[in-house]
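Report on the following structure.
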Protein chains: 2
Amino acid sequence: MEPVTLKQIAETLGISITTVSKALKDYPDVSKKTKALVKDLAQTLNYKPNAFAVNLRTRESKTIGLIIPEIVHHFFSSVIKGIISQAEKKGYLVIILQSNESYKLEKKQIELLLSKQVDGILISLANATADFNHLNDIIAQEKPLVMFDKIAKIVNCSKVIIDDRKAAYNATQHLIDTGCKRIAHFRGPLLPQNSIDRFLGYKKALIDNNIFYDPSLVYICNDMTFQEGEKFAKQLLIEHKDIDGIFINTDLVAIGAIKELNKSGIKIPEEISVVGFSNWFMSSAITPSLTTIDQPGFEMGKMAFKQLYKELKAIKKGKEVKLKTIELETALVKRNSTKTII
Amino acid sequence: MEPVTLKQIAETLGISITTVSKALKDYPDVSKKTKALVKDLAQTLNYKPNAFAVNLRTRESKTIGLIIPEIVHHFFSSVIKGIISQAEKKGYLVIILQSNESYKLEKKQIELLLSKQVDGILISLANATADFNHLNDIIAQEKPLVMFDKIAKIVNCSKVIIDDRKAAYNATQHLIDTGCKRIAHFRGPLLPQNSIDRFLGYKKALIDNNIFYDPSLVYICNDMTFQEGEKFAKQLLIEHKDIDGIFINTDLVAIGAIKELNKSGIKIPEEISVVGFSNWFMSSAITPSLTTIDQPGFEMGKMAFKQLYKELKAIKKGKEVKLKTIELETALVKRNSTKTII
DNA sequence: ATTATTAACGAAAACGTTTTCGATTTGAAC
DNA sequence: GTTCAAATCGAAAACGTTTTCGTTAATAAT
């Protein structure tokens with residue numbers, strides 16, 4: 001029941017291990033006859049190379065690590081799917097770990113992956129991450145690192161992102177274009193770049209349209225849950241009765257808000273318009289359906305792996321690694337939570 | 001920049017590799033003095049054992065494989081989270097692959113994982129899987145295999161499941177208890193055990209309550225999407241105007257159905273009651289909130305890994321492996337899509 | 001017949017670790 | 001001074017593969 005080795009094939013065929021190994025890998029200095037012999041026997045014995053030995057010898061495992069803040073999340077699971085599908089095509093496997101939005105855990109997970117000698121790492125940062133030495137550790141080991149979605153600009157590695165600021169600008173502009181004059185924003189936590197950028201896009205759109213930017217209209221969602229959407233919508237109705245539009249950092253929160261507005265008898269979009277972010281599949285299912293920004297998760301995962309793969313190849317060939325920042329397109333998806341432009 | 005090895009430590013300390021290795025692993029035949037010396041140097045040089053060499057030597061990688069039908073799915077991502085969290089505690093990493101509900105792909109993924117020499121495999125079967133030789137391949141290699149959620153009873157391995165039949169029975173009984181007389185069922189695909197069992201639970205509840213089982217009231221959802229829920233709800237309203245309750249295989253479909261019923265002006269639960277399955281977090285957010293069966297995904301993942309770990313340990317110690325089938329508890333979560341019992 | 005060239009193969013080192021087993025030293029016991 | 005036991009160490013094999021380099025045999029060229 002013991003697995004077949006090169007040695008066994010060599011012995012039964014009366015040739016050397018070297019020749020067997022070369023025959024299986026189609027080296028030119030093995031005759032066609034022995035190649036056929038070896039391959040046939042390998043086939044019938046169902047020979048599979050011992051991955052551990054290959055890893056040790058070649059110093060690579062064809063395995064990459066992936067760290068995300070939270071697995072149970074539609075956007076991230078889409079990204080994971082994109083990564084895995086692409087990795088599989090290139091013969092790479094993916095080890096997934098999550099940081100639970102904790103810097104400490106993120107650091108630990110990186111150490112774990114490095115100790116397991118993955119060939120490269122993909123990461124989307126935790127909200128809590130403000131120090132980046134753990135990321136530089138990866139780079140110091142000359143292992144490729146690609147960040148996606150929640151990135152740190154300062155780290156010297158490839159990145160796959162969207163233009164959050166532009167997308168948020170467009171979302172807000174759409175509210176303005178459809179007649180909104182006083183627009184609130186439910187933003188994400190303070191640290192991550194993308195919630196900052198979405199906030200800045202919102203702010204810039206207001207200013208560009210000569211609308212007064214009122215900081216009291218900005219609510220900070222730390223958990224980004226459905227319940228937070230309900231909570232801040234309720235609060236908003238009390239604190240700012242004159243609101244006619246809300247741009248919300250993410251669809252899940254937006255759907256919570258819509259539920260609360262519906263419950264309060266507010267007419268959407270006639271009285272208050274709502275725009276979300278991410279185009280979660282439920283956004284088209286609720287009533288009213290949610291206008292939102294489409295954020296291509298699957299595509300982002302695909303691109304992140306593709307870039308990592310390029311760098312893996314480059315390192316292997318001893319070529320210079322060209323770091324890239326890839327920006328994916330987003331699109332405003334107009335639905336029924338905003339008015340139509342007249 | 002080359003990583004530190006045992007050899008280097010041995011040379012700088014003027015001792016043998018053997019002693020260094022033993023010192024680091026606290027073998028009793030190394031003096032306290034040299035142990036301290038070795039450990040100190042290992043610390044300052046930041047020595048990390050080469051995982052590839054350890055794998056080769058110990059014949060294990062502390063890595064397990066996980067195959068699921070679909071990553072972008074709330075239930076499965078919960079299971080994944082449970083698995084990873086538990087695996088991490090025991091020092092195991094998890095490689096995730098998906099079968100996309102395809103038998104062929106599932107088979108390929110297993111081969112991939114076996115060729116990478118994972119220590120064990122966790123799997124939830126694809127809907128399309130009807131042949132089980134690929135699973136027996138794993139067992140033949142004496143690697144532990146644990147199936148969860150979508151299992152095949154015939155395969156000789158441990159399993160983590162819920163009592164789908166009982167849960168479905170309870171769901172249907174609740175509809176009956178709250179006054180429903182003519183109950184439809186949106187079931188899952190034909191092959192997987194759990195959709196069969198849920199159907200059987202539904203049927204048994206009807207029969208036990210002397211309600212006529214009408215096969216035309218059973219609709220088969222092959223995709224299990226929101227859209228299928230809408231579609232069959234619409235169809236049901238045309239084909240069976242006398243329906244007063246629906247038991248639906250999964251929440252996502254149920255929410256689609258509710259949306260369609262709402263749209264058609266049907267009052268839920270007064271005219272038609274709805275019960276779902278899985279307790280997706282959105283089920284409490286929609287209007288009316290959905291009565292459903294709570295299916296503990298995170299717990300299931302945790303248990304599946306725990307069982308796998310037990311078997312890994314047993315194999316390592318040469319002990320007999322005790323296969324187990326673990327059944328997790330489910331609960332009926334009563335919400336507003338069903339009437340209250342008078 | 002000699003030399004150069006090519007084709008085909010294999011010995012051996014290497015990757016870095018773990019573990020068995022034997023060797024040496026030390027001190028104690030008699 | 002011999003014997004024995006315990007303490008401490010290291011040589012070496014092993015895990016299974018890849019790859020360099022050398023060797024041999026066969027063929028072609030002179």
Side-chain angles (χ1 to χ4, degrees), chain A residues 1-39 41-42 45-63 91 114-117 119 141 316-318, chain B residues 1-39 41-42 45-63 91 114-117 119 141 316-318:
Chain A
M1 215 43 279
E2 282 295 289
V4 186
T5 65
L6 289 183
K7 196 178 171 186
Q8 292 173 35
I9 296 181
E11 278 170 2
T12 57
L13 246 43
I15 57 178
S16 77
I17 295 176
T18 307
T19 307
V20 175
S21 173
K22 286 182 183 172
L24 289 173
K25 316 195 96 197
D26 268 326
Y27 270 55
D29 65 343
V30 178
S31 70
K32 294 195 200 315
K33 204 195 291 180
T34 42
K35 265 184 195 171
L37 242 55
V38 170
K39 284 180 179 173
L41 187 58
L45 292 184
N46 192 30
Y47 168 78
K48 305 277 178 216
N50 181 308
F52 299 155
V54 176
N55 289 348
L56 176 60
R57 183 56 228 236
T58 62
R59 292 158 165 283
E60 60 173 11
S61 59
K62 294 271 185 181
T63 301
L114 289 179
S115 80
K116 280 276 173 175
Q117 262 128 312
D119 297 344
Q141 294 202 13
K316 208 171 169 181
K317 290 185 181 169
Chain B
M1 213 49 274
E2 282 295 288
V4 186
T5 66
L6 290 183
K7 197 177 169 186
Q8 291 174 34
I9 296 181
E11 279 170 2
T12 57
L13 247 43
I15 57 178
S16 75
I17 295 176
T18 307
T19 308
V20 176
S21 173
K22 285 183 185 171
L24 289 173
K25 317 195 94 196
D26 267 328
Y27 271 54
D29 64 343
V30 178
S31 70
K32 294 196 200 316
K33 204 196 289 181
T34 43
K35 266 184 196 172
L37 241 54
V38 170
K39 283 182 181 173
L41 187 58
L45 293 184
N46 193 28
Y47 167 78
K48 305 277 179 214
N50 181 308
F52 300 155
V54 176
N55 290 348
L56 176 60
R57 183 56 227 235
T58 61
R59 293 157 165 282
E60 60 173 11
S61 58
K62 293 272 185 181
T63 301
L114 289 179
S115 80
K116 280 276 173 175
Q117 263 128 310
D119 296 344
Q141 293 201 14
K316 208 171 170 183
K317 291 186 183 169

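Note that the structure is predicted; figures quoted are calculated from it, not measured.
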For the residue pair [X] and [Y], what are the closest heavy atoms and their distance?
X     : Y      : result
B/Y47 : B/V4   : CD1-O, 3.4 Å
A/N50 : A/A53  : OD1-N, 3.0 Å
B/A51 : A/S115 : CB-O, 3.5 Å

Contact list for DNA chain D against [range] - heavy-atom distance below 4.0 Å:
range                     : answer
residues 2-14 of chain A  : A/T5, A/L6
residues 22-29 of chain B : B/K22, B/D29
residues 45-54 of chain A : A/Y47, A/P49, A/N50, A/A53, A/V54

Indicate, with a heavy-atom threshold strictly under 4.0 Å, whether B/S21 touches base, sugar-phosphate, or nothing.
base
Under 4.0 Å between any heavy atoms, over every strand shown, what does A/T18 touch: base, sugar-phosphate, or nothing? Just pick one.
base
Are any side-chain N or O atoms of A/K116 and backbone N or O atoms of B/K62, one a donor and one an acceptor, separated by less than 3.5 Å?
yes
Keeping the roles fixed (side chain from A/T63, backbone from A/S61), state whether a donor-acceptor pair exists under 3.5 Å.
yes
List in chain and number order the residues that pass side chain to side chain contact (heavy atoms under 4.5 Å, CB included) with B/I17, two or more places apart in sequence or in another chain; answer none if no residue qualifies.
B/L6, B/K7, B/A10
Would you say B/T58 reaches D/dC15's phosphate, i.e. side-chain N/O to OP1/OP2 under 4.0 Å?
no
Side-chain contact check for A/S16: nearest option of D/dT17, D/dG10, C/dG10 is C/dG10
Tell me: [atom1] of [X] to [atom2] of [N], nearest whole Å?
X     : N      : atom1 : atom2 : result
A/L56 : C/dT17 : CG    : P     : 9 Å
A/I17 : D/dC21 : CD1   : P     : 20 Å
B/E60 : D/dC15 : CD    : C1'   : 13 Å

Please tell me which of B/R59 and B/K35 maps to the more 5' nucleotide of DNA chain D, matching each residue to the nucleotide holding its nearest heavy atom.
B/K35
Residues which pass salt bridge (charged side-chain N to carboxylate O under 4.0 Å, His left out) with B/K35, listed by chain and number, not counting sequence neighbours:
B/D26
Could I get the full list of side-chain hydrogen bond (donor to acceptor under 3.5 Å, both in side chains) partners for B/E60, not counting sequence neighbours?
B/K316
Atom CG of A/L45 and atom CD1 of A/I9: how far apart are they, to the nearest 0.5 Å?
6.0 Å
I need the A/K48 NZ to A/T5 OG1 distance, nearest 0.5 Å.
15.0 Å
What I'd like to find out is whether the side chain of A/T19 reaches to under 4.5 Å of the side chain of A/V38, using heavy atoms alone.
no
